[in-house]
Amino acid sequence: MAKREKFTVALAADHAGFPLKEALLEHLMKRGIDCIDCGTNSTESCDYPQYAVSGCCKVLDGEADLTTLCCGTGIGMSMAANKLKGIRAACCSDVFSAKYTRLHNNANVLCLGSRVVGAGLACELADVFVDTGFEGGKHQRRIDMIADLEK
Ligand code: RB5
């Protein structure tokens with residue numbers, strides 16, 4: 001695969017998270033961030049695990065740096081995403097958690113609940129998630145221990 005020039009975020013949602021995904025897409029694209037929309041593209045009922053996989057595959061395949069998943073609570077998406085090897089998904093509804101899950105857990109997927117956070121806070125959470133890097137050091141050892149659990 002050709003090396004990407006720009007930082008890229010993949011987004012996916014189920015029907016409940018769809019409106020929030022749209023708001024996040026608009027926000028991130030306005031910031032000049034490349035986005036990959038992995039659906040869903042309507043409020044018609046669908047199953048969130050399918051979209052968790054579509055969104056996470058973009059990170060696992062190297063097409064995106066990070067993924068954002070939206071459902072009603074963010075919880076179902078995070079449960080499904082964390083079943084995938086190499087995915088570290090964090091369901092966040094506060095800025096502190098969104099920042100520290102990047103700094104300490106090197107989270108690569110942010111899960112948001114459209115019935116939990118409004119679009120304004122969701123965009124702020126996505127900004128913090130995108131703008132914060134992994135601290136490394138002793139935290140890498142702990143990430144490696146998580147990876148060992150996948151074996
Ligand atoms: C859909 O109604 C809802 O269950 C789903 O979006 C999500 O919140 C599951 O965790």
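When a ligand or atom number is given, it counts from 1 through the structure's own listing order.
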Checklist outcome for this item: heavy-atom search around atom 2 (O) of ligand 1 in the protein gives Arg115 NH1, 3.3 Å

Checklist entry - Do NZ/NE/NH1/NH2 and the carboxylate oxygens of Arg102 and Asp131 come within less than 4.0 Å? => result no

Checklist entry - What protein heavy atom sits nearest atom 6 (O) of ligand 1, and how far away is it? => result Asp14 OD2, 2.6 Å

Checklist outcome for this item: So the atoms of ligand 1 within less than 4.0 Å of a heavy atom of Gly72 turn out to be 5 (C), 6 (O), 7 (C), 8 (O)

Next on the checklist: Let's go through Asp127 and Arg31 carefully: what are the C-alpha distance in whole Å and the side-chain angles of both, what is the deciding distance for salt bridge (Lys or Arg N to Asp or Glu O under 4.0 Å) to 0.1 Å, and is it a yes or a no?
Outcome noted: CA-CA 9 Å; Asp127 281 344; Arg31 281 193 51 182; 2.8 Å; yes

Item to check | Reported OG1-to-CG distance for the pair Thr68 and Leu66, which is rounded to 0.5 angstrom | outcome: 7.0 Å

Checklist entry - Which ligand 1 atoms, with their elements, are less than 4.0 angstrom from a heavy-atom of Cys71? => result 6 (O), 7 (C), 8 (O), 9 (C), 10 (O)

Checklist outcome for this item: With heavy atoms and a 4.0 Å threshold, my read on which part of Thr73 contacts ligand 1 is both

Item to check | Of Glu135, Arg142, Lys138, the residue whose pairing with His104 passes side chain to side chain contact (heavy atoms under 4.5 Å, CB included) | outcome: Glu135

Checklist entry - Less than 4.0 Å between a side-chain N and a carboxylate O, is that true for Arg141 and Asp144? => result no

Checklist entry - Where's the contact between Ala16 and ligand 1, heavy-atom distance under 4.0 Å: side chain, backbone, both or neither? => result side chain

Item to check | Atoms of ligand 1, numbered as shown, that sit under 4.0 Å from any heavy atom of His15 | outcome: 1 (C), 2 (O)

Checklist entry - Does the Asn108 side chain pair with the main chain of Arg88, one donor and one acceptor, at a distance under 3.5 Å? => result yes

Checklist entry - Taking heavy atoms and a distance under 4.0 Å, where does Met79 meet ligand 1: side chain, backbone, both or neither? => result neither

Checklist entry - Short N/O distance, under 3.5 Å, between Gly76 and ligand 1? => result yes

Checklist entry - Which residue owns the protein heavy atom closest to atom 9 (C) of ligand 1, what's the atom, and how far is it? => result Tyr48 CE2, 3.4 Å

Next on the checklist: How about CG on Asp47, more than 12 heavy atoms from neighbouring residues, nucleotides or ligands closer than 6.0 Å, or not?
Outcome noted: no

Checklist entry - Is it true that Ile75 and Leu69 fall in one hydrophobic cluster, defined by side-chain heavy atoms closer than 4.5 Å? => result no

Checklist entry - Do you see a protein non-hydrogen atom under 4.0 Å from atom 4 (O) of ligand 1? => result no

